[in-house]
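Take a look at the structure set out below.
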Protein chains: 2
Amino acid sequence: MQLPKPLGHLLGQTMRIFKHKLTSKFKANNIDLSLDFFLILLQLYNREDVTQQDLSNQLQRDKSIVLRQVNTLLDKRIVVRLPDKIDKRKKNLILTQKGYELLLEAKEISRNLSDELLAGLSETEVNSFFKVLQTIQENSGLEEDQWYC
Amino acid sequence: MQLPKPLGHLLGQTMRIFKHKLTSKFKANNIDLSLDFFLILLQLYNREDVTQQDLSNQLQRDKSIVLRQVNTLLDKRIVVRLPDKIDKRKKNLILTQKGYELLLEAKEISRNLSDELLAGLSETEVNSFFKVLQTIQENSGLEEDQWYC
DNA sequence: AACATATAGTTGACTTCGTCAACTACATGG
DNA sequence: CCATGTAGTTGACGAAGTCAACTATATGTT
């Protein structure tokens, strides 16, 4: 399969654009979140048993990065870190009410931005797009739980 | 258009996977390049009139980042920085022979990785994928030359 | 029970990326 | 000649990412 431009270039550019657009829209709406923090909050949405190790696997970041990012979310009173009742090594991360409300706003903005960026494309095209991203992740041979072994 | 997962999440994950895979393959082949450096070299491929400002626009990075990255490419003897003959403000960036050979190897590896990650997808799907990425960039309303105005 | 091994979290050191503001040198148009 | 714009450079700083070591707890084996 020949791409007109290298895959890394295309993905990198698009990612950069999305990141810049999203953070500037967040700022415009007085939402003090980076894309990375937003992705963390999304993982905590409507769940109560998420640990930092889970985030490290799902977001594919070193657990030390996750730790520090969670620390700043704690400082901002957006999440709380509670010891797991069964396994004392684990800490469960839970959204505060403030965090939940912030996330709802952020999700709305993110969805609007997606609509804006995907405007003019057919459903078929967007579905293919999604399928390709999915396939890339599957072809990478990385299961969610084998990141940073 | 509804995506199963937020666009930022999908793009971020895929980008991360690609980046990690590519740099580890580079390492395995003794190629001392990050994805960022690779993308810079791609822009210099078979061209002689590329300036740092051009790179800043095309790669959408602040010119100070480009400057420092070019500096380390200079240290590695991969590119040279020559004053432009007409406009004395500009500096042209040119691949050395070493840089050219390195780039050829890197391109090969990058192409193989793309093939590996896109395996099992139809040409139609990959074309849609490319079109969607293209459209996102167009819908973002950013022209190449208005980055960091 | 004692032991080795594995997992979750934490910390420190260090590099690179990204942002921003200020600055120099040169170009261009009135 | 002067105002304005552009290309490159520098410094400061915060955030992201890498890596290795460490603590505490859990789990499996003999």
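Every chain is numbered from 1 and lettered A, B, ... according to where its sequence line falls, protein lines coming before strand lines.
Not counting sequence neighbours, A/Lys98 has no partner by the salt bridge (charged side-chain N to carboxylate O under 4.0 Å, His left out) test. B/Asp75 meets the salt bridge (charged side-chain N to carboxylate O under 4.0 Å, His left out) test with no other residue; sequence neighbours excluded. Residues forming a ring pair (Phe, Tyr, Trp, His ring centres under 6.0 Å) with A/Phe37 (at least two apart in sequence, or on another chain): none. Not counting sequence neighbours, the partners of A/Lys25 by the salt bridge (charged side-chain N to carboxylate O under 4.0 Å, His left out) test are A/Glu116. Every residue meeting the salt bridge (charged side-chain N to carboxylate O under 4.0 Å, His left out) condition with A/Lys131, not counting sequence neighbours, appears here in chain and number order: B/Glu125. Here A/Gln43 pairs with nothing under the side-chain hydrogen bond (donor to acceptor under 3.5 Å, both in side chains) rule; sequence neighbours left out. For A/Asn71, the side-chain hydrogen bond (donor to acceptor under 3.5 Å, both in side chains) partners two or more places apart in sequence, or in a different chain, are A/Arg81.
Contacts between residues 73-82 of chain A and DNA chain D, defined by a heavy-atom separation under 4.0 Å, are absent. Applying a 4.0 Å cut-off to non-hydrogen atoms, the residues of residues 87-96 of chain B that approach DNA chain D are B/Arg89, B/Lys90, B/Lys91, listed by residue number.
The B/Arg68 side chain lies nearest to D/dG11 when the options are D/dG11, C/dG12, D/dA16. Proximity note for B/Lys27 (side chain, C-beta onward) versus D/dA16, C/dC17, D/dC19: the nearest is D/dC19. In the set D/dA7, D/dG17, C/dA8, D/dA7 carries the atom at the smallest distance from any side-chain atom of B/Lys63.
Distances shorter than 4.0 Å separate some side-chain N or O of A/Arg16 from OP1 or OP2 on C/dG18. In terms of phosphate contacts, A/Gln69 brings a side-chain nitrogen or oxygen within less than 4.0 Å of OP1 or OP2 of D/dA16. Taking 4.0 angstrom as the limit, A/Gln60 places none of its side-chain polar atoms (N or O) nearer than this to OP1 or OP2 of D/dG17. Distances shown here put every side-chain N or O of A/Gln53 at or beyond 4.0 Å from the OP1 or OP2 atom of C/dT7. Look at B/His20 and you won't find any side-chain N or O under 4.0 angstrom from OP1 or OP2 of D/dG17.
Listed for the A/Asp62 side chain is a donor-acceptor partner under 3.5 Å among the backbone atoms of A/Ser64. When atom types are taken as modelled, the side chain of B/Thr51 and the backbone of B/Lys91 share no donor-acceptor pair closer than 3.5 angstrom.
One interatomic measurement links the two molecules: CG of B/Leu67 to P of C/dT16, which rounds to 15 Å at whole-angstrom precision. Following rounding to the nearest Å, B/Met15 (CE) and D/dA16 (P) show an atom-to-atom distance of 17 Å. One atom, CG of B/Asn71, and another, C1' of D/dT10, lie 11 Å apart when rounded to the nearest Å. Computed from coordinates, the A/Ile65 CD1 to C/dC17 C1' distance equals 12 Å when rounded to whole Å. Between the CZ atom of A/Arg61 and the P atom of D/dA16 there is a distance of 8 Å, rounded to whole Å. Distance CG (B/Asp62) to C1' (D/dG14): 14 Å, rounded to an integer number of Å. The interatomic distance linking A/Asp54 (CG) with C/dT7 (P) rounds to 14 Å, in whole Å. Between the CG atom of B/Leu59 and the P atom of C/dT19 there is a distance of 14 Å, given to the nearest Å.
Aromatic ring pairs are classed by plane angle as parallel below 30°, tilted from 30° to 60° and perpendicular above 60°; the pair B/Phe38 and B/Phe26 is perpendicular.
Chaining together hydrophobic side chains whose heavy atoms lie under 4.5 Å apart places B/Ile94 alongside B/Val80, B/Leu82. Under a 4.5 Å side-chain heavy-atom cut-off, the cluster of Ile, Leu, Val, Met, Phe, Trp and Tyr residues that includes B/Leu67 has no other member.
Contacts of A/Thr72 with the nucleic acid, taken as non-hydrogen atoms under 4.0 Å apart, are absent. Among the heavy atoms of the strands, none lies under 4.0 Å from A/Asp84.
Summary of the strand contacts: A/Ile86 and A/Phe37 both lie near DNA chain D, and taking for each the nucleotide with the nearest heavy atom, the more 5' one is attributed to A/Phe37.
Within a 6.0 Å sphere centred on CG of B/Asn46, other residues, nucleotides and ligands contribute more than 12 heavy atoms.
With a 3.5 Å limit on both pairing distances and Watson-Crick or G-U wobble geometry required, the stems of 3 or more pairs in DNA chain D span C:1-30 with D:1-30.
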